[in-house]
Amino acid sequence: MPDITTTRCPQGHGITSSADRGTNGYCRECKRHDDRERRLHTKATLDVVRAFESVGVQFQRNGVPESPAAVVRQLIATDVETFK
């Protein structure tokens, strides 16, 4: 039986074939992990925005109420820029 050569991504995930990488060459396991983290971060941010709104805090831009989704996008964009 031939021995299958396994390489590893920088995070240690086994790469045995091109099927373990996405079209951009990124490790599929790392991509899955990053996507999961992004979804959890977005959900947590939305929960915070909804908690503020539930006690009467209103998010506005120039006097116009913002949707929770718009506030979350702005907070995430600010978070990404702040912690680079």
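These numbers were taken from a predicted model, which means no experiment stands behind them.
Ile15 and Tyr26 are assigned to two separate hydrophobic clusters, defined by single-linkage of ILVMFWY side chains at heavy-atom distances under 4.5 Å. Using a 4.5 Å cut-off between side-chain heavy atoms of Ile, Leu, Val, Met, Phe, Trp and Tyr, with links allowed through other members, Leu46 and Val57 fall into the same hydrophobic cluster. Under the 4.5 Å side-chain heavy-atom criterion for ILVMFWY residues, no single connected hydrophobic cluster contains both Val64 and Val49.
Counting non-hydrogen atoms of neighbouring residues, nucleotides and ligands closer than 6.0 angstrom, the CG atom of Asn62 reaches no more than 12 such neighbours.
Interatomic distance, Lys43 NZ to His41 NE2, rounded to the nearest 0.5 Å: 13.0 Å. Atom NE2 in His13 sits 11.5 Å away from atom CZ in Arg21 (nearest 0.5 Å).
Side chains of Val71 and Leu75 form a contact here, defined as non-hydrogen atoms less than 4.5 Å apart. Annotation: side chain of Asp20 is not in contact with side chain of Cys27 (no heavy-atom distance under 4.5 Å).
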Report the C-alpha distance between Arg38 and Asp35 in whole Å, list the side-chain angles of each, state the deciding distance to 0.1 Å, and finish with yes or no for salt bridge (Lys or Arg N to Asp or Glu O under 4.0 Å). CA-CA 5 Å; Arg38 191 175 301 108; Asp35 289 348; 2.9 Å; yes
Would Glu29 and Arg32 count as a salt bridge (Lys or Arg N to Asp or Glu O under 4.0 Å) if you check the C-alpha gap in whole Å, the side-chain angles of each, and the deciding distance to 0.1 Å? CA-CA 5 Å; Glu29 233 5 83; Arg32 204 170 322 178; 3.4 Å; yes
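Applying the side-chain hydrogen bond (donor to acceptor under 3.5 Å, both in side chains) criterion to Glu66, with sequence neighbours excluded, gives Arg61. Listed by chain and number, the residues in a side-chain hydrogen bond (donor to acceptor under 3.5 Å, both in side chains) with Gln60 are Gln58 (sequence neighbours excluded). By the side-chain hydrogen bond (donor to acceptor under 3.5 Å, both in side chains) test, Arg73 pairs with no residue at all, sequence neighbours left out.
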